[in-house]
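The structure appears right after this line, and notes come after that.
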Amino acid sequence: MFGDLRRFDTGSPWSVDWFREWLDEVFPEPGATDIRAVPRGTFPMINIGRTDDAVRVYVFAAGLAAGDLELSLQDNVLTVQGERKVATDETEGDARRPYFRRERAGGSFTRSIALPEGLDADRAEARWRNGVFEITLPKREELKPRRIEIQSA
């Protein structure tokens with residue numbers, strides 16, 4: 001149960017490496033170590049940026065095609081929904097080839113992101129390229145920065 005004690009020589013017994021090794025001892029069967037995978041609800045990863053003209057949301061969803069994602073915007077909340085399918089254990093003839101570690105999770109997901117006020121939802125656009133979805137939400141004209149000309153007297 002305690003395995004190899006030499007790992008305590010390299011640092012704190014509560015380090016991330018120690019914890020991973022401990023999980024491998026507690027869950028020795030292949031596939032059971034999925035407990036260390038990215039927690040549900042964190043896929044896909046999302047970046048949000050803004051310019052003077054718009055807010056841009058980047059959804060990083062490798063393995064999904066343009067039609068695999070559903071986007072909706074209501075009350076300044078952008079909702080991203082979809083499903084990522086992950087192949088089950090591969091087989092070679094009659095022999096099953098299990099994974100020793102699986103970090104890519106599959107299944108349905110929903111992410112909701114609160115956006116700033118003043119966006120023009122009717123002019124929103126979404127583009128997909130190489131697994132990255134870019135959603136552009138233009139700001140309403142009255143909220144865009146306006147340059148004021150200075151006149152001499």
Side-chain angles (χ1 to χ4, degrees), residues 10-12 14-150:
T10 60
S12 168
W14 303 112
S15 69
V16 173
D17 292 332
W18 177 87
F19 186 66
R20 286 182 181 149
E21 290 177 21
W22 178 79
L23 282 174
D24 287 337
E25 289 177 14
V26 174
F27 303 105
E29 59 193 72
T33 56
D34 290 347
I35 195 169
R36 294 186 311 236
V38 175
R40 253 194 176 334
T42 58
F43 178 83
M45 293 181 285
I46 295 174
N47 287 353
I48 302 172
R50 66 183 166 129
T51 64
D52 288 342
D53 298 328
V55 170
R56 287 190 170 75
V57 180
Y58 299 91
V59 180
F60 301 95
L64 295 183
D68 293 339
L69 204 65
E70 183 180 318
L71 304 171
S72 62
L73 183 63
Q74 182 178 5
D75 297 329
N76 289 329
V77 175
L78 176 68
T79 302
V80 178
Q81 294 180 333
E83 181 175 2
R84 179 165 66 173
K85 294 177 176 51
V86 177
T88 58
D89 294 339
E90 298 178 28
T91 58
E92 188 174 294
D94 291 334
R96 184 173 173 227
R97 295 186 300 157
Y99 291 97
F100 292 103
R101 181 179 181 104
R102 182 182 294 169
E103 294 185 358
R104 181 176 175 179
S108 298
F109 59 86
T110 301
R111 301 275 320 259
S112 294
I113 303 104
L115 297 171
E117 297 286 329
L119 300 177
D120 189 352
D122 294 333
R123 295 186 331 165
E125 296 178 352
R127 294 188 177 133
W128 171 85
R129 189 174 78 185
N130 298 329
V132 178
F133 295 82
E134 179 183 359
I135 301 121
T136 303
L137 302 148
K139 292 180 182 177
R140 291 194 312 250
E141 289 299 321
E142 65 268 16
L143 296 178
K144 290 181 182 178
R146 188 170 53 101
R147 184 180 173 120
I148 301 172
E149 295 291 328
I150 301 173

query = To the nearest 0.5 Å, what is the distance between CG (Leu64) and NZ (Lys85)?
reply = 9.5 Å

query = Between the main-chain N or O of Gly63 and the side-chain N or O of Arg84, is there a donor-acceptor pair closer than 3.5 Å?
reply = no

remark   = Taken to the nearest 0.5 Å, the spacing of Lys139 NZ from Arg50 CZ works out to 5.5 Å

query = What is the minimum heavy-atom distance between Thr136 and Ala54, and which atoms define it?
reply = CG2-CB, 3.9 Å

query = Does any non-hydrogen side-chain atom of Val57 lie less than 4.5 Å from one of Leu71?
reply = no

query = Phe133 and Ala61: which non-hydrogen atoms are nearest, and at how many Å?
reply = CE1-CB, 3.9 Å

ask   = Leu137 and Leu119: which non-hydrogen atoms are nearest, and at how many Å?
value = O-CD2, 3.7 Å

query = Which residue pairs satisfy the salt bridge (charged side-chain N to carboxylate O under 4.0 Å, His left out) criterion with at least one member in residues 69-81, sequence neighbours excluded?
reply = none

query = To the nearest 0.5 Å, what is the distance between CD1 (Ile135) and CG (Leu73)?
reply = 10.0 Å

Pairs touching residues 112-124 that satisfy salt bridge (charged side-chain N to carboxylate O under 4.0 Å, His left out), sequence neighbours left out = Asp120-Arg123

Greater than 12 external heavy atoms within 6.0 Å of Arg56's CZ = yes

Minimal non-hydrogen separation, Pro44 against Val59, with atom names = CG-CG1, 3.4 Å

inquiry  = Please report the interatomic distance CZ(Arg111) to OG1(Thr79), rounded to the nearest 0.5 Å.
reply    = 11.0 Å

remark   = Between Phe109 and Glu83 the two heavy atoms that sit nearest each other are CE2-N, 3.6 Å

inquiry  = Rounded at 0.5 Å granularity, tell me how far CD1 in Ile46 sits from OH in Tyr58.
reply    = 13.5 Å

